[in-house]
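Reviewing the structure listed below.
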Amino acid sequence: MNAKNTTGRGDISTMDWCVVIPTYNNARTLGKVISDVLQVTRNVIVVNDGSTDSTAAILNDFPQVNIVSYGQNQGKGYALQRGFEKARQLGFSYAITIDSDGQHYAKDIPLFLKSIKENPGALIVGARTLPSEKMRAGSSFANRFSNFWFRFISGVSLPDTQSGFRLYPLESLQSIRFLTRKYEFELEVLIRSAWRGIPLMNIPINVFYPEKEERVSHYRPFRDFVRISVLNAICVLIAVLYVKPFSFIRFLKKENIKDFVKRNVLQTGESNQKLILSVMFGVFMGIVPIWGYQLITAIALAYLLRLNKLLVIVAANISIFPITPLILYCSYVTGGLILSGNGSLPFSSDITLAWVKTNLLQYLLGSVVFAVIMSALSGLLTYLCLKTFRRNPVIID
């Protein structure tokens with residue numbers, strides 16, 4: 001089939017795009033899905049991920065479709081990557097993926113094409129509009145879980161990170177070496193794309209879920225949830241130790257700092273007292289030993305206390321790597337000075353439960369006291385800066 005020979009509705013035929021359909025043992029719905037997609041475009045790639053049912057026979061009825069097939073089931077992520085590889089070989093720039101279980105509507109494909117014309121190079125996710133109570137229980141929970149951690153890891157908010165109806169910019173993804181092969185791939189590709197600066201968007205789509213007894217799903221709630229959890233844990237580590245620190249460092253340019261201070265400190269309509277308290281609170285929350293929940297807690301309390309939330313967030317980033325080891329060391333030493341007057345670090349090959357309890361107490365106590373000290377120092381420094389650079393501020397009640 002000629003890769004450039006497209007059919008469609010309106011001007012969508014001028015774009016280099018195709019539809020990739022990964023499938024595994026969905027013979028009951030596959031034929032209709034392919035037929036519906038062919039009403040929109042002839043550029044269709046079906047990846048037969050080691051199906052053991054009548055999938056091969058059904059595909060024989062569609063000679064106009066490009067088929068990628070292999071004998072052993074490898075997982076949805078692997079199937080998608082094989083589909084993308086085939087799409088690039090055929091000269092396509094974009095691939096729209098649609099599940100073969102019949103839950104997506106091919107008539108929504110033009111929505112993706114309209115969106116990509118307005119946002120070239122973006123990765124577009126179709127957000128399912130069906131109420132969550134009608135989704136499979138395991139899928140609904142996994143989606144909420146995935147959405148939360150994706151936002152934490154990437155800083156991008158998407159309402160449906162588990163949707164399989166998407167448009168992928170193939171060239172932008174080509175240089176990324178993905179680690180996963182199964183359902184978690186669809187989360188990994190979003191995270192890695194966000195880290196690469198690929199724009200992520202969502203558009204509302206319709207979705208159909210048949211009655212429970214008619215559903216065919218290969219999602220394994222326990223196994224796939226564990227896989228997604230492991231991926232999240234690895235990505236959180238990478239984000240905390242590498243992505244976020246370097247993003248913050250890249251932000252620390254003279255022009256960015258001057259613009260940030262001007263807009264959010266010098267020209268804000270808030271009082272000096274509120275600004276000082278915001279910085280102090282942010283530094284305190286960045287040091288106290290509630291690792292993993294510092295930023296979320298800081299934002300929630302800043303909202304309740306009516307502080308400058310942006311200043312609180314920036315100040316709380318005092319705990320980013322590589323400053324984190326120094327904070328841990330100073331916290332431990334401070335605890336030692338309070339408990340025994342000795343701030344040295346003990347090294348012992350005889351580690352007992354009592355030893356762990358003693359040193360943990362020393363660290364916890366020291367971190368709180370050190371947080372108070374650093375909070376006070378940051379408040380003093382902020383006060384001096386405001387007195388020097390912010391004269392006669394206009395305060396808005």
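Sequential numbering from 1 along the given sequence is applied to the chain's residues. The basis for the numbers below is simple: all heavy atoms, side chains too, and nothing from hydrogens, waters or symmetry mates.
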Least distance between heavy atoms, [X] atom then [Y] atom:
{"X": "V288", "Y": "A371", "answer": "CG1-CB, 4.0 Å"}
{"X": "A302", "Y": "K309", "answer": "CB-CG, 4.0 Å"}
{"X": "P22", "Y": "I98", "answer": "CD-O, 3.6 Å"}
{"X": "Y24", "Y": "D49", "answer": "CD1-O, 3.2 Å"}
{"X": "S51", "Y": "T23", "answer": "OG-O, 3.6 Å"}
{"X": "Y363", "Y": "P289", "answer": "OH-CB, 3.6 Å"}

Out of curiosity, [X] [atom1] to [Y] [atom2], how far, rounded to the nearest 0.5 Å?
{"X": "Q64", "Y": "L38", "atom1": "CD", "atom2": "CG", "value": "5.0 Å"}
{"X": "I21", "Y": "N48", "atom1": "CD1", "atom2": "CG", "value": "12.0 Å"}
{"X": "I58", "Y": "L30", "atom1": "CD1", "atom2": "CG", "value": "5.5 Å"}
{"X": "E186", "Y": "I191", "atom1": "CD", "atom2": "CD1", "value": "12.5 Å"}
{"X": "I290", "Y": "T297", "atom1": "CD1", "atom2": "OG1", "value": "4.0 Å"}
{"X": "M280", "Y": "L377", "atom1": "CE", "atom2": "CG", "value": "9.5 Å"}

Take atom [atom1] of [X] as the centre, draw a 6.0 Å sphere, and report whether it contains more than 12 heavy atoms from other residues, nucleotides or ligands.
{"X": "E118", "atom1": "CD", "result": "yes"}
{"X": "Q273", "atom1": "CD", "result": "no"}
{"X": "Y70", "atom1": "OH", "result": "yes"}
{"X": "Y383", "atom1": "OH", "result": "no"}

query = What class does the angle between the rings of F165 and H104 fall in, given that below 30° is parallel, 30 to 60° is tilted and above 60° is perpendicular?
reply =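 Aromatic pair F165/H104 classed parallel.
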task = Classify the ring geometry between F84 and Y168 as parallel (under 30°), tilted (30 to 60°) or perpendicular (over 60°).
result =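 Ring orientation, 0 to 90° scale: tilted.
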key: Stepwise side chain to side chain contact (heavy atoms under 4.5 Å, CB included) check, I96 with L113   = CA-CA 9 Å; I96 296 175; L113 301 173; 4.0 Å; yes
Could you tell me whether the side chain of [Y] reaches within less than 4.5 Å of the side chain of [X], counting heavy atoms only?
{"X": "D108", "Y": "I203", "answer": "no"}
{"X": "R166", "Y": "L190", "answer": "yes"}
{"X": "R128", "Y": "Q103", "answer": "yes"}
{"X": "V47", "Y": "L80", "answer": "no"}
{"X": "F150", "Y": "V156", "answer": "yes"}
{"X": "T161", "Y": "V125", "answer": "no"}
{"X": "L307", "Y": "L277", "answer": "yes"}
{"X": "D160", "Y": "N202", "answer": "no"}

request  = Quick one: do I205 and S163 satisfy side chain to side chain contact (heavy atoms under 4.5 Å, CB included)? Show the steps, please.
outcome  = CA-CA 10 Å; I205 60 167; S163 171; 4.1 Å; yes
Pair N308-S278, side chain to side chain donor-acceptor pair (under 3.5 Å): steps then yes or no = CA-CA 6 Å; N308 185 309; S278 298; 5.5 Å; no
task = Would you check, one step at a time, whether the test side chain to side chain contact (heavy atoms under 4.5 Å, CB included) holds for R196 with S175?
result = CA-CA 10 Å; R196 288 289 185 98; S175 61; 3.0 Å; yes
Under 4.5 Å between side-chain heavy atoms, counting indirect links through other Ile/Leu/Val/Met/Phe/Trp/Tyr residues: same cluster for [X] and [Y] or not?
{"X": "L187", "Y": "W195", "value": "yes"}
{"X": "L337", "Y": "V368", "value": "no"}
{"X": "L90", "Y": "L173", "value": "yes"}
{"X": "V314", "Y": "L381", "value": "no"}

message = With side chain to side chain contact (heavy atoms under 4.5 Å, CB included) as the criterion, how do L179 and E188 come out once you've worked through the C-alpha distance, each side chain's angles and the decisive distance to 0.1 Å?
response = CA-CA 8 Å; L179 305 175; E188 183 192 0; 3.7 Å; yes
Test item: Y94 side-chain N/O and L123 main-chain N/O as donor-acceptor pair under 3.5 Å =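 No: the side chain of Y94 does not pair with the backbone of L123.
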ask   = Okay, side chain of S375, backbone of V283: is any donor-acceptor separation there less than 3.5 Å?
value =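 No, the answer is negative, given that no donor and acceptor are paired below the 3.5 Å cut-off.
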task = Go through the steps to decide whether K76 and D99 satisfy the test salt bridge (charged side-chain N to carboxylate O under 4.0 Å, His left out), and finish with yes or no.
result = CA-CA 10 Å; K76 187 178 182 181; D99 291 345; 2.9 Å; yes
